[in-house]
Amino acid sequence: MSTVRLAGRFEGPPGHAHGGIVATLLDEAMSKTNRAQNIVAMTRHMEVDYLRPVPLRTTLQLTARHLSVEGRKHHCAAELRNAAGELLATGKALFIAIDPARFQASKPSMRAMKS
């Protein structure tokens with residue numbers, strides 16, 4: 001579990017977080033769950049359920065867990081709660097494990113990008 005406080009720059013509806021930042025938090029929490037198990041993976045598909053408006057400038061609780069694995073497919077879930085423990089948003093995602101060395105090898109070099 002981690003705690004987060006969203007600054008005013010993340011405002012969507014007055015006084016509350018934009019849905020995009022809520023999705024980003026959930027995605028990042030699930031990604032960190034994979035990394036904690038030494039899994040390097042990329043998000044393939046993600047679903048978000050926005051249950052209540054997410055307030056800005058208050059302490060929020062963010063949790064994630066690894067649900068299952070099928071070969072390279074890793075299923076994860078995350079929750080965002082307010083300080084009182086009320087569920088504000090949930091996410092589920094499918095991550096695909098990658099070989100970090102192969103991924104780095106396919107990345108264009110800065111030199112190639114300048115030409």
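From a predicted model like this one, the values you see are computed outputs, not experimental measurements.
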Quick one: list whatever passes salt bridge (Lys or Arg N to Asp or Glu O under 4.0 Å) with Lys92, sequence neighbours left out. none

Listed by chain and number, what are the salt bridge (Lys or Arg N to Asp or Glu O under 4.0 Å) partners of Arg52, not counting sequence neighbours? Glu86

Treating Ile, Leu, Val, Met, Phe, Trp and Tyr as nodes and any side-chain heavy-atom pair under 4.5 angstrom as an edge, say whether Phe95 and Met42 lie in one connected cluster. no

Keeping to residues at least two apart or across chains, list the side-chain hydrogen bond (donor to acceptor under 3.5 Å, both in side chains) pairs with something in residues 10-23. none

Pairs meeting criterion salt bridge (charged side-chain N to carboxylate O under 4.0 Å, His left out) with involvement of residues 33-51, two or more places apart: none

Considering non-hydrogen atoms only, spot the tightest contact between Ala7 and Leu56 and give its length. O-CD2, 3.5 Å

Which other residues end up in the same hydrophobic cluster as Ile96, if Ile, Leu, Val, Met, Phe, Trp and Tyr are linked when side-chain heavy atoms come under 4.5 Å apart? Leu94

Under a 3.5 Å distance rule, please check whether Ser31 uses its side chain to pair with a backbone N or O of Asp27 as donor and acceptor. no

Verdict with supporting geometry, Asn82 and Thr58, side-chain contact (heavy atoms from CB on, under 4.5 Å): CA-CA 8 Å; Asn82 63 19; Thr58 63; 5.8 Å; no

I would like to know whether Thr3 and Leu60 meet side-chain contact (heavy atoms from CB on, under 4.5 Å); could you show each step before the answer? CA-CA 5 Å; Thr3 59; Leu60 304 169; over 6 Å; no

With no hydrogens and no angle check, do the side chains of Gln37 and His74 hold a donor and an acceptor under 3.5 Å apart? no

Shortest non-hydrogen contact from Gly8 toward Arg57: CA-NH2, 3.1 Å

Find out if a path of hydrophobic residues (ILVMFWY) with successive side-chain heavy-atom gaps under 4.5 Å connects Met30 to Tyr50. yes

Gap separating the CG atom of Leu88 from the CG atom of Leu26, nearest 0.5 angstrom: 10.0 Å

Within a strict 4.5 Å, meaning less than it, do heavy atoms of the Val48 and Thr90 side chains meet? no

When rounded to the nearest 0.5 Å, the distance separating CG of Leu6 from CD1 of Ile21 is 6.5 Å

Kindly work out whether a path of hydrophobic side-chain contacts (I/L/V/M/F/W/Y, heavy atoms less than 4.5 Å apart) joins Leu67 to Leu62. no

Tell me who clusters with Leu87, hydrophobic residues only, linked when side chains sit under 4.5 Å apart either directly or through other members. Leu51

Is Val54 reachable from Val4 through a run of I, L, V, M, F, W or Y residues, each pair having side-chain heavy atoms under 4.5 Å apart? yes

